[in-house]
Amino acid sequence: MMTLYSTITCPYSHRCRIVLHEKDMDFEVIDVDPNNKPEDLAVMSPYGRAPILVERDLVLYESNIINEYIDDRFPHPQLMPADPVMRARARLLLYRFEQELFCYIDEIESADAKATEKARIAIAENLTLIAPIFEKQKFMLGDEFSMLDVAIAPLLWRLEHYGIKLPKQAAALLKYSERLFSRPLFIDALSASEKVMRK
């Protein structure tokens, strides 16, 4: 059985919980308090933070790597494209999400008001740029829910919590968000702390 060490409010842990629920498999989630981390966390990951996936003698950290492993190990439903070209494009987009959106999360959660405001603006601008995709299609890669939707969903869920307001041009993205949030497996993957992040 797989065990996921997961921080209850962390968007990266949230990603991994979504994938585990999508796969409908046996797993255990161990909640990690970020202010009182268990000592073995530092042994399992050089960065000493969740998410961490443990399966027998395999220990993985970094949410996208964990999620691709789960997807390879339990291929139904497949969340990464089967076609090598599409898979490479998907990986590139996952990388861009980290560089253009998730890189600002630490700043948003910091005590520096100026840095927080700059981060909010950057995320809002970058999300507005991708909004037109959803005027033509249901999900990131077309009609099928994929790893790209998994990767971005925790950020979209937290927009209100992070104080990020999107302009009217991002209306299609907000509709897309509601499609993600209404998935029963998305709701199952939420921790109690995440459920109260949105009114």
[X] side, atom [atom1]; [Y] side, atom [atom2] - distance, nearest 0.5 Å:
X	Y	atom1	atom2	result
Leu94	Phe97	CG	CZ	6.5 Å
Leu127	Leu159	CG	CG	6.0 Å
Arg183	Glu178	CZ	CD	14.0 Å
Leu156	Tyr162	CG	OH	11.5 Å
Tyr47	Ile52	OH	CD1	12.0 Å
Gln137	Leu141	CD	CG	7.5 Å

Which heavy atom of [X] sits nearest a heavy atom of [Y], and at what distance?
X	Y	value
Leu180	Phe186	O-CB, 3.4 Å
Met140	Ile130	CE-CD1, 3.9 Å
Ala124	Leu166	CA-CD2, 3.7 Å
Ser110	Thr116	O-OG1, 3.5 Å
Ala50	Tyr5	CB-O, 3.3 Å
Ser13	Leu4	O-CD2, 4.3 Å

Under a single-linkage definition using a 4.5 Å side-chain heavy-atom cutoff for Ile, Leu, Val, Met, Phe, Trp and Tyr, are [X] and [Y] assigned to the same hydrophobic cluster?
X	Y	value
Met147	Phe181	yes
Met80	Val19	yes
Leu129	Ile121	no
Met44	Val29	no
Leu79	Phe74	yes

Is a side-chain N or O of [X] found less than 3.5 angstrom from the main chain of [Y], in a donor-acceptor match?
X	Y	answer
Asp40	Val43	no
Arg179	Phe139	no
Asp149	Ser146	yes
Thr7	Thr9	no
Asp31	Ile8	no
Asn126	Ala122	yes
Arg158	Pro154	yes
Glu55	Leu58	no
Glu194	Ser191	yes

Check this for me, if you would: do [X] and [Y] make a salt bridge, where the nitrogen-to-carboxylate-oxygen distance has to be below 4.0 angstrom?
X	Y	value
Glu98	Arg15	yes
Glu144	Lys138	no
Asp188	Arg17	no
Arg73	Glu68	no
Glu117	Arg120	yes

Contact check, side chains of [X] and [Y], non-hydrogen atoms, under 4.5 Å:
X	Y	answer
Cys16	Pro51	yes
Pro38	Val32	yes
Val54	Met2	no
Tyr176	Ile133	no
Ile18	Leu185	no
Met197	Glu160	no

Should we say atom [atom1] of [X] is surrounded by more than 12 heavy atoms from elsewhere, each under 6.0 Å from it?
X	atom1	value
Tyr95	OH	no
Asp72	CG	yes
Arg96	CZ	no
Gln99	CD	yes

Derivation and outcome, side chain to side chain contact (heavy atoms under 4.5 Å, CB included), residues Tyr104 and Lys118: CA-CA 9 Å; Tyr104 295 108; Lys118 261 176 82 172; over 6 Å; no
Kindly say whether the aromatic ring centers of His21 and Phe27 come within a distance under 6.0 Å. yes
Working note: Lys37 + Asp33, criterion side chain to side chain contact (heavy atoms under 4.5 Å, CB included); need CA distance, chi angles, decisive distance, verdict. CA-CA 6 Å; Lys37 294 176 192 168; Asp33 177 351; over 6 Å; no
Apply the test side chain to side chain contact (heavy atoms under 4.5 Å, CB included) to residues Glu107 and Asp112: give CA-CA distance (whole Å), side-chain angles for both, the deciding distance (0.1 Å), then the verdict. CA-CA 8 Å; Glu107 285 169 39; Asp112 181 341; over 6 Å; no
Worked verdict on Thr3 versus Leu53 for side chain to side chain contact (heavy atoms under 4.5 Å, CB included): CA-CA 6 Å; Thr3 302; Leu53 185 81; over 6 Å; no
May I ask you to check if Arg49 and Tyr61 form a cation-pi contact, with NZ or CZ under 6.0 angstrom from the six-membered ring centre and within 45° of the axis?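 Relative to the ring axis of Tyr61, which defines the angle, Arg49 lies outside at least one limit.
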